[in-house]
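Take a look at the structure set out below.
Values reported hereafter were calculated over all heavy atoms of this structure, with side chains retained and with hydrogens, waters and symmetry mates removed.
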Amino acid sequence: MVRGKTQMRRIENATNRQVTFSKRRNGLLKKAFELSVLCEAEVALIIFSSTGKLCEFASSSMQATVERFQRHTRVTHHLERSLPHHHDQADQAANLLKEIESLEDSKRKLLGQGLGSSSYEELQQIEQQLQSSLAHVRATKHEAYKEQIDQLKEKEKYLAAENEKLAKKTDEVKCIF
């Protein structure tokens with residue numbers, strides 16, 4: 001059985017249109033998922049039906065992906081407008097955009113996401129960075145504990161002195177009676 005070529009025009013029958021929408025939407029969602037898994041691509045898909053119903057898919061955070069898209073389009077739009085007049089600024093903005101992308105990629109890897117395409121050496125480097133960060137966090141935590149202990153010792157001395165004063169007052173009151 002051979003399928004005929006589908007004409008690209010509105011389907012007049014509402015039931016057929018809804019069935020086609022549902023099947024194609026599911027196929028599109030499946031393809032988006034496959035693309036994100038197979039290629040480790042960051043994918044976000046937003047679909048509104050003719051009735052206004054929202055259907056969405058995001059391989060990571062929809063909000064983060066949309067914000068990333070908006071940053072990218074703002075910079076790209078700015079580059080296109082300013083390119084003839086400010087070539088140096090456009091190059092600088094493009095470099096900053098690349099740096100942002102690189103930092104976001106590094107952040108994802110440090111969070112353990114998107115490691116599938118990393119080489120053994122990159123994984124070792126990430127592990128060393130995490131160990132160094134962990135050591136720094138532990139040292140900072142140790143300093144915070146030390147400061148807390150010192151503050152509590154000072155408070156203990158103050159409360160002991162207050163306790164002594166109250167004990168003397170209590171003894172004085174006992175002597176009067």
Side-chain angles (χ1 to χ4, degrees), residues 1-138 140-141:
M1 178 142 197
V2 178
R3 282 190 194 171
K5 184 174 180 179
T6 304
Q7 292 181 348
M8 286 297 129
R9 61 179 172 82
R10 183 176 184 269
I11 299 172
E12 296 301 324
N13 184 315
T15 305
N16 291 345
R17 184 171 51 246
Q18 181 58 38
V19 168
T20 301
F21 172 78
S22 180
K23 287 180 179 180
R24 289 185 176 241
R25 179 198 60 214
N26 290 339
L28 188 57
L29 290 169
K30 182 179 177 184
K31 290 291 183 187
F33 173 75
E34 289 171 355
L35 182 65
S36 71
V37 171
L38 294 174
C39 303
E40 288 189 354
E42 186 174 350
V43 179
L45 176 65
I46 302 171
I47 303 170
F48 285 100
S49 69
S50 58
T51 60
K53 183 180 173 192
L54 170 67
C55 180
E56 64 181 62
F57 167 79
S59 58
S60 57
S61 163
M62 177 65 78
Q63 183 69 27
T65 305
V66 169
E67 287 172 0
R68 183 177 176 192
F69 171 76
Q70 288 173 336
R71 278 195 313 273
H72 186 270
T73 54
R74 268 196 307 257
V75 170
T76 304
H77 180 69
H78 179 71
L79 287 175
E80 290 171 353
R81 285 190 326 193
S82 65
L83 193 60
H85 304 293
H86 306 287
H87 188 67
D88 291 339
Q89 288 179 346
D91 287 342
Q92 185 179 11
N95 289 338
L96 288 173
L97 182 61
K98 287 178 186 175
E99 188 175 341
I100 288 170
E101 293 290 328
S102 174
L103 289 171
E104 286 177 344
D105 186 49
S106 294
K107 176 185 164 192
R108 273 193 301 279
K109 287 183 178 180
L110 287 173
L111 292 173
Q113 301 168 351
L115 295 174
S117 62
S118 300
S119 68
Y120 179 76
E121 290 79 17
E122 287 176 316
L123 293 172
Q124 278 186 316
Q125 185 180 16
I126 292 168
E127 183 181 23
Q128 288 172 353
Q129 287 175 336
L130 288 171
Q131 286 174 347
S132 173
S133 295
L134 182 60
H136 181 69
V137 167
R138 285 181 175 157
T140 304
K141 181 177 145 187

Straight-line distance of [X] [atom1] to [Y] [atom2], nearest 0.5 Å:
X	Y	atom1	atom2	value
Glu127	Gln131	CD	CD	4.5 Å
Leu45	Thr65	CG	OG1	11.5 Å
Ile11	Thr20	CD1	OG1	3.5 Å
Ile100	Lys107	CD1	NZ	12.5 Å
Tyr120	Gln125	OH	CD	13.5 Å
Arg108	Glu42	CZ	CD	5.5 Å

**Prompt:** Should Ser102 and Glu99 be marked as a side-chain contact (heavy atoms from CB on, under 4.5 Å) after you check the CA-CA gap, both sets of side-chain angles, and the distance that decides it?
**Reply:** CA-CA 5 Å; Ser102 174; Glu99 188 175 341; 5.5 Å; no

State, with a plain yes or no, whether a side-chain heavy atom of [X] is found less than 4.5 Å away from one of [Y].
X	Y	value
Ser49	Phe21	yes
Met62	Ile46	yes
Arg24	Leu28	no
Leu130	Ile126	yes

**Polar side-chain atom of Asp105 near backbone of Glu101 as donor-acceptor pair, under 3.5 Å** =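 No, the answer is negative, given that no donor and acceptor are paired below the 3.5 Å cut-off.
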
What are the two closest non-hydrogen atoms of [X] and [Y], and how far apart are they?
X	Y	value
Ser36	Ser59	CB-CB, 3.4 Å
Phe33	Phe57	CA-CZ, 3.6 Å
Lys109	Glu122	NZ-OE2, 4.2 Å
Arg25	Ile47	CG-CD1, 3.7 Å

**Option from Gln70, Arg71, Gln63 for which side-chain hydrogen bond (donor to acceptor under 3.5 Å, both in side chains) with Glu67 holds** =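 That would be Gln63; it is the only one of Gln70, Arg71, Gln63 passing the side-chain hydrogen bond (donor to acceptor under 3.5 Å, both in side chains) with Glu67.
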
**Message:** Restricting to side-chain hydrogen bond (donor to acceptor under 3.5 Å, both in side chains), what partner residues turn up for Gln18, sequence neighbours left out?
**Reply:** none

